[in-house]
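Before any comments, here is the structure.
In what follows, chains are A, B, ... by sequence order, proteins preceding strands, each numbered from 1.
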Number of protein chains: 2
Amino acid sequence: MPCRGHHHHKPRSLSELAARLRGGAKKFTGPRKAVLEVLAAHPHPMTIKDVHSETKSECDLATVYRALHLLEEMELVKRFDFGDGIARFELLAEGDDGHHHHLICTECSDIIEIEECFTESLEEKIAERSGFKAVTHKLEFFGICPDCQKR
Amino acid sequence: MPCRGHHHHKPRSLSELAARLRGGAKKFTGPRKAVLEVLAAHPHPMTIKDVHSETKSECDLATVYRALHLLEEMELVKRFDFGDGIARFELLAEGDDGHHHHLICTECSDIIEIEECFTESLEEKIAERSGFKAVTHKLEFFGICPDCQKR
DNA sequence: AAACCAAATGCAAAACGTTCGCAGCGCGTT
DNA sequence: AACGCGCTGCGAACGTTTTGCATTTGGTTT
């Protein structure tokens with residue numbers, strides 16, 4: 001599988017995540033621990049529903065929403081949008097801004113990470129031509145994975 | 001390889017759109033006419049709510065949803081997703097597959113169309129490496145427009 | 001032109017992901 | 001151990017989108 005991920009970044013330990021929260025005057029609670037553990041165990045963007053059920057529903061769904069919202073603000077997780085109206089989250093490694101893209105199978109939702117970002121220099125060009133500032137982008141790829149092609 | 005902007009494509013007339021519908025065993029009804037007229041009058045992706053209010057609410061909101069869904073299936077309109085959970089639709093011109101991208105102001109939602117598609121050759125590369133087939137992509141740019149920078 | 005039928009509409013209700021208000025619980029501190 | 005604020009769970013509400021169903025309407029046939 002050509003998913004190489006971003007292993008140039010060191011993943012954060014749970015205790016470091018706890019320290020990060022406490023450093024931000026936030027509490028390291030049971031639900032937040034559960035959410036972080038689930039995210040740490042999954043290398044790909046997860047839906048909130050999946051995070052919730054992976055915690056064995058130890059905590060409320062609304063709490064998972066709030067936890068992920070907080071973690072996003074603290075830049076410990078990154079939100080991805082695959083265009084289906086369902087938010088997905090990935091735990092960020094140390095020093096990773098989370099800017100990367102995915103290749104998603106439209107049949108089975110299998111996800112492969114794409115490490116290159118091809119459009120960085122283009123942001124400058126677009127900013128220059130349009131007069132826009134702080135230009136960013138969202139880019140995701142879609143296709144049919146080898147397994148689904150056989151079916 | 002940059003893709004051609006869509007203003008090189010001839011826009012469809014209402015009567016041609018009517019013929020297209022009828023050719024697909026679909027009816028050219030009042031609501032569908034209203035929706036098509038609204039879309040034809042706006043060069044940028046429109047939310048369903050906006051389409052609905054521009055028709056002066058002559059037809060039901062649910063009907064606008066159904067009309068746009070049908071038109072999307074018939075490839076007469078294209079759906080865009082700006083990551084805010086609200087679908088946007090653009091009328092396609094003749095021979096236009098609608099593949100292009102946008103630069104969206106995160107403050108005022110002003111939209112600029114980007115004509116080049118920078119990632120076409122990359123789809124091939126990605127398909128080759130991953131074994132995926134029928135690889136497409138979604139790409140949108142975000143930034144702050146000149147007007148909003150002044151505020 | 002009238003009748004016909006499937007397709008399309010309006011309306012209301014529901015489904016969906018997500019957010020919020022609030023009473024009470026628990027983490028980190030004193 | 002006790003305190004206080006932040007956090008949680010629960011239910012209700014939100015906004016977008018979908019759906020069920022009785023009624024209407026477009027396109028076709030008599």
Side chain to side chain donor-acceptor pair (under 3.5 Å) partners for A/Glu37, two or more places apart: A/Lys33

task: Indicate yes or no: at least one non-hydrogen side-chain atom of B/Arg20 is less than 4.5 angstrom from one of B/Arg12.
output: yes

message: Taking salt bridge (Lys or Arg N to Asp or Glu O under 4.0 Å) as the definition, give me every residue that meets it alongside A/Arg22, ordered by chain and number, with sequence neighbours left out.
response: none

message: Looking at D/dT18, I'd like to know if its phosphate oxygens (OP1 or OP2) sit under 4.0 Å from a side-chain N or O belonging to B/Tyr65.
response: no

- prompt: Who are the side chain to side chain donor-acceptor pair (under 3.5 Å) partners of B/Asp50, not counting sequence neighbours?
  reply: B/Thr47

Side-chain donor/acceptor pairs under 3.5 Å, residues 139-151 of chain A, sequence neighbours excluded:
residue, atom, partner, partner atom, Å
A/Glu140, OE1, A/His102, N, 2.7
A/Glu140, OE1, A/His102, ND1, 3.2
A/Asp147, OD1, A/Lys150, NZ, 3.4
A/Gln149, NE2, A/Ile144, O, 2.8
A/Gln149, NE2, B/Gly131, O, 2.8

- request: Please write out which residues are connected to B/Phe89 in a hydrophobic cluster, directly or through intermediates, given that two of Ile, Leu, Val, Met, Phe, Trp, Tyr count as joined at side-chain heavy-atom separations below 4.5 angstrom.
  value: B/Leu14, B/Leu17, B/Leu21, B/Phe28, B/Val35, B/Leu36, B/Val38, B/Leu39, B/Met46, B/Ile48, B/Val51, B/Leu61, B/Val64, B/Tyr65, B/Leu68, B/Leu70, B/Leu71, B/Met74, B/Leu76, B/Val77, B/Leu91

task: Check the distance between C/dT29's C1' and A/Phe28's CZ and give it to me in whole angstrom.
output: 18 Å

query: Applying ring pair (Phe, Tyr, Trp, His ring centres under 6.0 Å), which residue pairs with at least one partner in residues 35-55 of chain B are found, sequence neighbours left out?
result: none

- request: Please state how far atom NE2 in A/His69 lies from atom P in D/dG6, giving the value in whole angstrom units.
  value: 18 Å

Atom pairs, N/O to N/O, protein against nucleotides 28-30 of chain D, distance under 3.5 Å?
none

- prompt: With sequence neighbours excluded, what pairs up with B/Asp84 under the side chain to side chain donor-acceptor pair (under 3.5 Å) test?
  reply: B/Arg88

task: Nearest whole angstrom, please: distance from the P of C/dA15 to the NZ of A/Lys49.
output: 13 Å

query: Side chains of A/Glu113 and A/His100: donor-acceptor distance under 3.5 Å anywhere?
result: yes

query: Can you list every pair that meets salt bridge (Lys or Arg N to Asp or Glu O under 4.0 Å) and has a residue in residues 58-72 of chain B, with sequence neighbours left out?
result: B/Glu72-B/Arg79

- request: Check the distance between D/dG26's P and B/Lys33's NZ and give it to me in whole angstrom.
  value: 12 Å

message: If I take atom CG in residue A/Leu21 and atom C1' in nucleotide D/dC7, what distance separates them, rounded to the nearest angstrom?
response: 12 Å

statement: B/Phe89 atom CZ is separated from D/dT16 atom P, nearest whole Å, by 14 Å

field: Which residues share a salt bridge (Lys or Arg N to Asp or Glu O under 4.0 Å) with B/Lys78, sequence neighbours left out
entry: none

message: Under 4.0 Å, heavy atom to any atom of DNA chain C: which of residues 74-87 of chain B qualify?
response: none

task: Starting at the 5' end of nucleotides 6-13 of chain C, put B wherever the base has a protein heavy atom under 4.0 Å, S where only the sugar-phosphate does, and a dash everywhere else.
output: BBSBBB--

